[in-house]
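Hydrogens, waters and symmetry mates are skipped; everything else that's a heavy atom, side chains included, is used. This one's a predicted model, so the numbers in the text were calculated from it and none came from an experiment.
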Amino acid sequence: QVQLVESGGGLVQAGGSLRLSCVASGLTFGTSAMGWFRQAPGKDREFIAAISGSGATTYYGDSVKGRFTIYRDNAKNTLYLLLNKLKLDDTAVYSCAGRRTSAAVTTVARYDYWGQGTQVTVSS
């Protein structure tokens, strides 16, 4: 059974930083593309970032490009998202997602596994 468990969310002031983690089990992590998505109340799920199984390829959503960084440690079966220069609009539940294949993609429907999410709240 595949499990994805996120951590690292919390309350942070605008302009601050956070690092989210997602520990994976039950899948061959090094050959699984991973992604981060977020959902704010009343809004659709939004693509944030994706990374290929090897880590060589990354994609970012336009709203976070230049501020967030996705990376992974395949030896630890862990995916990370570094959030810098946080804005009020970044407030959302952040979820990690995994694929059965190694190619990174940006579309929600192409991910096979999902974590429960971790809340990020940015205050003024």
Which atom pair, heavy atoms only, marks the closest approach of [X] to [Y]?
X	Y	answer
Arg72	Met34	NH1-CG, 3.7 Å
Trp36	Leu20	CH2-CB, 3.8 Å
Ser95	Gly117	OG-CA, 3.5 Å
Thr78	Ser21	CG2-CB, 4.3 Å
Tyr59	Ala104	CE1-O, 3.4 Å
Ala92	Ala40	CB-N, 3.9 Å

| message | Using a 6.0 Å cut-off, check whether atom OH of Tyr60 has over 12 heavy atoms from anything other than its own residue. | response | yes
| More than 12 foreign heavy atoms under 6.0 Å from CD of Gln116: is that the case here? | no
Verify same cluster id: [X], [Y] (apolar side-chain graph, 4.5 Å):
X	Y	result
Leu4	Ile70	yes
Val108	Tyr113	no
Val5	Ile51	no
Leu88	Leu18	yes
Leu81	Val120	yes

| field | Contact list for residues 74-96, test salt bridge (charged side-chain N to carboxylate O under 4.0 Å, His left out), sequence neighbours left out | value | Arg38-Asp90, Arg67-Asp90
| Between Tyr111 and Phe37, does the ring centroid distance fall short of 6.0 Å? | yes
| message | Using modelled atom types and a 3.5 Å cut-off, is there a donor and acceptor pairing between side-chain atoms of Ser102 and backbone atoms of Gly53? | response | no
| Note, Thr91 side chain near Gln119 side chain (heavy atom, < 4.5 Å) | yes
| Below 4.5 Å, heavy atoms only, C-beta onward: do Ser123 and Thr121 meet side chain to side chain? | no
To the nearest 0.5 angstrom, please state how far the [atom1] atom of [X] sits from the [atom2] atom of [Y].
X	Y	atom1	atom2	value
Leu79	Cys96	CG	SG	6.0 Å
Arg99	Leu27	CZ	CG	12.5 Å
Glu46	Asp62	CD	CG	9.5 Å

| Parallel, tilted or perpendicular, as decided by the 30° and 60° cut-offs, for the rings of Tyr94 and Phe68 | tilted
